Amino acid sequence: MARGAGGLRAVFGGRARQLEEARLLAEPVQVLTPVFVAELDRVADAVPWIALFLDTYERTAPQLDRWLADLFTPGRYGELPANLVLTLAGQRRLDPAHWGDRGRLVADVPLGPFTEEEARQLLHERGVVAEPVVREVLRLSGGLPVLVSTLAANPGAAGEANATAVERFLAGESDPARRAAALACALPRRFDEDLVAVAVPQDGPHAVPGLYDWLLELPFVAEPYSGRSRYHAVVRAPMLRLQRTGSPQRWKAAHDRLAEAFAARRDAAAEGIDPERLWAEQPWRRAALDVLYHRLCARPRIALPEALRAGIELFAQRPSRARHWARTLVDAGEDADNAVLREWGRDLLAAITDHGPRPTAALGLLLTRAELTDTDRAAALVARAWDRFRAGELDAALSDHGRAIAVDPRSERAHQGRAVILRSLGRYEEALADLDRAEEIAPAWAWAVRERGETYRRMGRLEEALTVLDRAHAMDPSDAVPLGSRGLVRHVLGRPEEALDDFDRAIALWPEYAWALVRRSRVRSVLGDPVGALADLDRAEELNPGLPGTEGERGEVYRATGRYEEAVACYDRALALDPDYAWAHGSRAAALEALGRIPEARADLDRALELDPGYAWARERRERLGASRAGS
């Protein structure tokens, strides 16, 4: 541009020169840009490519963005050569107001962290080849290019590298209070305006007016205005390391404040929620995990037992969310640079990942490696026993409950859990003995009472079951299970309207209560509402797909309304899922009989009795069919 301006002065003369110089002073961009374009065009004939680079574009864009966009507008300043490439490097995307209609000219190239291969290549080119040093650089840098480059020059200067990276991120901000505030707000994994006020107290000497709004405009803040904003990981990591190593005392104090803030949120989210189901509630769970994270960052060794205990509770209540808990330990281990936390987090995460939703492997790690109290060990054994029970591993589940009782004889949960398994095995008296002990230990615990009512129901002691389930419901009106069990008892006792009311209330409390939906469908069918019955079964299938009982109940609805072919098709699907489903054989026999397919009906009844010799209804029906054949 300077050469072009000099050329203009050389050719201008006299009055014309004065006029052009006046215009040059008044409209320098309009005068000089065409000269610049013409010079580019001249050079383009002599070289394969022309490459122009503008770095830190987030700082120069206010002055250059409009001009560059106009430069690429055909006819505005002349035609640019076809072999010109312009590279703009910055922290923000191009402004669509200027570049939106030039999309065909622009290619976005997002720059993320180096891959391990790329980082190793750079280190090798800089002469850093010792594998222990390379691994440490990879760990400290997280692949962030500026950190890899800085550490490649001096692999031992982690603090200098962090300071260099942070300086790059905050290069556009000269206010020291804002720079300090930006560092402090890297501490929470996600933040909103209230958390910013905790991280940077606004009543102190370093208060920053409009801090929250300013933070949301920073280019490395993701999900702004969402209430859960966060720093990009490659920016946050060096900021955390700089604070942790720069002032360990301030690091602990800030994490303590944030832990207290999240504890207040956790406690507020617990209001009105059954303590047995807290981990199933997302707001409570998020706050609880953030409490653990900040306590682990502040004092890793002291907070680890609390974190492991929280994991046991989570496995007992919501094992499908255990990955988030293990990830919290990993994050705290990395951010606090604590090897013990890192190892625990990675091993637990691997155990959870390798075994899907089942927590058995992770609980095994806790039981063999963690220094647990007797109470915590019993809780872990009970949680593992329930997982094994759900998987049909009844002997292993009984063993875990027995070990839990041996470790902590006053564990009411171990007694209650063993009672449920014994009941499933038909060992009702032993189950009742365990429930006696559970109620003796915890007389106000409604869950033990409800299991007694369910045990009486399965024993056929229906009136006793009704009385106990009434008591369980009175002890905990928010628990849907006693209402579901009581609804089934009332249905068997011939009180379908009362049964329907119980099921309605149970499902209102727990909309995902698939067991109650299937049983309510049966009551609705009896009360002449096949449409409602089928809707319940559709919802149950949606919640727990592929269960033979749901298809069997659908067959019952069709059979009750005379749709025998459809009923048989449902029973067929149920038996394809479970060929040993005796009840489905018996019910299909009834539908086949109605269709006049007597030999097939007899075969189904024979099979039902073979599977369940005590199936009285099937035996009576088989004898009747046999008698009708003899009469014919």
Side-chain angles (χ1 to χ4, degrees), residues 136-137 139-142 144 146-147 150-151 154-191 193-209 211-212 214-215 218 220-221 229-263 290-304 306-307 328-342:
E136 185 66 5
V137 170
R139 186 184 74 82
L140 289 173
S141 69
L144 187 63
V146 66
L147 281 181
T150 304
L151 289 169
N154 187 353
E160 177 187 335
N162 289 322
T164 300
V166 172
E167 179 61 34
R168 295 283 184 92
F169 299 139
L170 299 177
E173 181 53 59
S174 59
D175 183 347
R178 280 187 169 181
R179 291 168 66 91
L183 277 174
C185 290
L187 293 176
R189 293 186 292 182
R190 292 180 182 267
F191 63 86
E193 189 168 6
D194 294 338
L195 291 172
V196 167
V198 174
V200 186
Q202 294 300 288
D203 55 355
H206 304 294
V208 179
L211 172 60
Y212 181 62
W214 173 75
L215 282 173
L218 292 175
F220 48 78
V221 172
S229 304
R230 58 183 173 81
Y231 283 13
H232 193 289
V234 297
V235 176
R236 182 171 180 261
M239 287 186 171
L240 293 177
R241 284 194 290 269
L242 188 64
Q243 293 179 87
R244 187 187 67 246
T245 56
S247 176
Q249 193 57 45
R250 281 201 303 270
W251 167 269
K252 290 180 181 179
H255 279 294
D256 283 340
R257 290 198 308 272
L258 288 163
E260 291 175 9
F262 278 112
D290 278 318
V291 172
L292 291 178
Y293 168 80
H294 289 290
R295 287 179 178 169
L296 288 167
C297 285
R299 294 170 180 80
R301 184 178 59 83
I302 294 173
L304 180 59
E306 175 192 356
T328 298
L329 268 66
V330 173
D331 289 349
E334 291 294 340
D335 297 343
D337 193 24
N338 184 276
V340 174
L341 280 184
R342 271 199 300 270

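Residue numbers start at 1 and run along the sequence shown. Computed from a predicted model, the values in this text were never measured in an experiment.
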Open item on the list: Does D256 form a side-chain contact (heavy atoms from CB on, under 4.5 Å) with R299? I'd like the steps, not just the answer.
Closed with: CA-CA 9 Å; D256 283 340; R299 294 170 180 80; 2.7 Å; yes

Open item on the list: Between R342 and D337, is the side-chain contact (heavy atoms from CB on, under 4.5 Å) condition met? List the steps.
Closed with: CA-CA 8 Å; R342 271 199 300 270; D337 193 24; 3.2 Å; yes

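In plain terms, the two heavy atoms of A182 and M239 that are nearest each other are O-SD, 4.1 Å. Closest approach of V200 and A184 over heavy atoms only: CG2-CB, 3.7 Å. The nearest pair of heavy atoms linking V198 to R257 is O-NE, 3.1 Å. Between L195 and A261 the shortest heavy-atom distance is CD2-CB, 4.3 Å. Closest non-hydrogen pair, Q243 versus A186, comes out as NE2-CB, 4.2 Å. When all heavy atoms are compared, the tightest approach of L341 to N338 is N-OD1, 2.9 Å.
Between the CG atom in D331 and the CG atom in L292 there is a gap of 12.0 Å [rounded to 0.5 Å]. The line from CG of L258 to SG of C297 is 9.5 Å long, rounded to the nearest 0.5 Å. Atom CG of L215 is separated from atom CD of E193 by 10.0 Å, given to the nearest 0.5 angstrom.
Residues F191 and V221 meet the side-chain proximity criterion, which asks for heavy atoms closer than 4.5 Å. You'll find the side chain of C185 reaches within 4.5 Å of the side chain of Y231, heavy atoms only. Using a 4.5 Å cut-off on side-chain heavy atoms (C-beta onward), T245 and W251 make no contact. Taking the side chain as every heavy atom from C-beta outward, H255 and L296 never approach each other to under 4.5 Å.
Of the options R189, R236, H294, a side chain to side chain donor-acceptor pair (under 3.5 Å) to D335 is made by R236 and by none of the others.
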